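Here is the structure we will look at, set down as structure tokens.
Since the structure is predicted, the reported quantities are computational estimates derived from the model, not experimental observations. For reference, positions follow the sequence shown, starting with 1.
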Amino acid sequence: PPAEPLTPPTPAASPQATPAPPAELAPPTPVTAEAQALYDDAYAQFHRREYAAAEARFAQFLTRFPTTNLADNAQFWIGECRYARGDLRGALDAFLATVDRFPQGNKVPDAMLKAAKCLEALNDTGAARDTYEEITRRFPGSAAAATARERLAASNPAGGR
């Protein structure tokens, strides 16, 4: 099978660092009231357009509760915070981390879609197109795939332009 185009390069580990196991290998932990409150606070900050504060809270959530069912969502919202601030490269990194760290997570199609939009905005139209095509293959019935098909059609020069 072809390599996943959205897998970010693996950073070199320091000799004393022990890599954390991928989140999907750890058994999910229940979302406690404390975890839910922290997540909800970060989400509310995002909706108040307090993007830097929301990103910090989502990062805190991931540090404290890395194996809950909300961890992939928190990683995704870090990307949204960066995207909203115009940090396209940082957003791209966060969306790619969502796909890489939580491959079975419910945010993967949306993270891939946002990664493709970042790539488009960064003028990497080939990688954006590849990502849109991958979304339509992997998640054909999803809302993300519908948007990806629209983006592909809009970028098709055979569309009468």
Side-chain angles (χ1 to χ4, degrees), residues 3-14 17-122 124 127-128 130-139 141-148 151:
E4 291 282 322
L6 286 181
T7 303
T10 305
S14 63
T18 303
E24 76 278 3
L25 297 180
T29 56
V31 178
T32 63
E34 179 185 10
Q36 188 70 57
L38 179 57
Y39 182 89
D40 290 347
D41 181 51
Y43 192 73
Q45 286 177 317
F46 177 85
H47 284 285
R48 288 192 306 264
R49 299 177 184 214
E50 298 168 3
Y51 302 123
E55 180 179 343
R57 295 295 276 175
F58 282 123
Q60 181 183 16
F61 179 92
L62 280 175
T63 298
R64 292 181 60 199
F65 308 104
T67 61
T68 67
N69 289 336
L70 290 175
D72 64 321
N73 294 49
Q75 181 63 55
F76 173 84
W77 286 106
I78 287 172
E80 287 286 12
C81 290
R82 293 174 182 175
Y83 191 86
R85 291 195 322 266
D87 176 8
L88 296 175
R89 291 205 184 277
L92 177 60
D93 289 345
F95 294 131
L96 293 176
T98 305
V99 175
D100 186 50
R101 289 182 58 202
F102 307 99
Q104 302 305 312
N106 69 315
K107 284 297 192 183
V108 169
D110 293 329
M112 290 176 66
L113 182 63
K114 289 303 287 239
K117 289 180 179 182
C118 289
L119 289 164
E120 257 188 303
L122 292 166
D124 192 344
D130 290 346
T131 304
Y132 289 134
E133 289 172 350
E134 183 181 355
I135 295 164
T136 64
R137 280 191 308 273
R138 287 180 59 188
F139 309 101
S142 69
T147 301
R151 300 296 277 225

Taking the side chain as every heavy atom from C-beta outward, state whether Phe46 and Arg57 have any pair of such atoms under 4.5 Å apart. no
Using the side chain to side chain contact (heavy atoms under 4.5 Å, CB included) rule, pick out the option among Tyr43, Phe58, Phe61 that qualifies with Leu70. Phe61
Interatomic distance, CG@Asp124 vs SG@Cys118, rounded to 0.5 Å, equals 11.5 Å
Taking every heavy atom of Pro109 against every heavy atom of Ala144, the minimum-distance pair comes out as O-CB, 3.6 Å
Side chains of Phe102 and Phe76: closer than 4.5 Å at any heavy-atom pair? no
More than 12 heavy atoms of other residues, nucleotides or ligands under 6.0 Å from CZ of Arg85: is that the case? yes
Between Val31 and Tyr39, is any pair of side-chain heavy atoms under 4.5 Å apart? no
Atom of Thr131, atom of Met112 and distance for their closest heavy-atom approach: CG2-O, 3.4 Å
Do Leu62 and Arg101 touch side chain to side chain, with heavy atoms closer than 4.5 Å? yes
Would you say Arg89 has more than 12 foreign heavy atoms packed within less than 6.0 Å of its CZ? no
Are Thr32 and Thr68 packed together at the side-chain level, in the sense that at least one heavy-atom pair is separated by less than 4.5 angstrom? no
For Ala54 and Ala42, the nearest pair of non-hydrogen atoms, with its separation, is CB-O, 3.4 Å
Set of side chain to side chain contact (heavy atoms under 4.5 Å, CB included) partners for Glu133, sequence neighbours left out: Arg129, Asp130, Arg137, Leu152
Heavy-atom nearest pair, Ala115 first then Leu96, reads CB-CD2, 4.3 Å
Would you check if Lys107 and Gln75 make a side-chain contact, meaning some heavy-atom pair closer than 4.5 Å? no
Heavy-atom closest pair (Leu88 atom, Ala121 atom, distance to 0.1 Å) is CD1-CB, 3.5 Å
Spacing of CZ belonging to Arg82 relative to OH belonging to Tyr51, to within rounding of 0.5 Å: 15.0 Å
Could you report the tightest heavy-atom contact between Val99 and Ala111, atom names first, then the distance? CG2-CB, 4.0 Å
Do Lys114 and Thr98 touch side chain to side chain, with heavy atoms closer than 4.5 Å? no
Drop me the distance from Glu80's CD to Asn73's CG, to the nearest 0.5 angstrom. 11.5 Å
Contact between Lys117 and Phe95 at the side-chain level, heavy atoms closer than 4.5 Å - yes or no? no
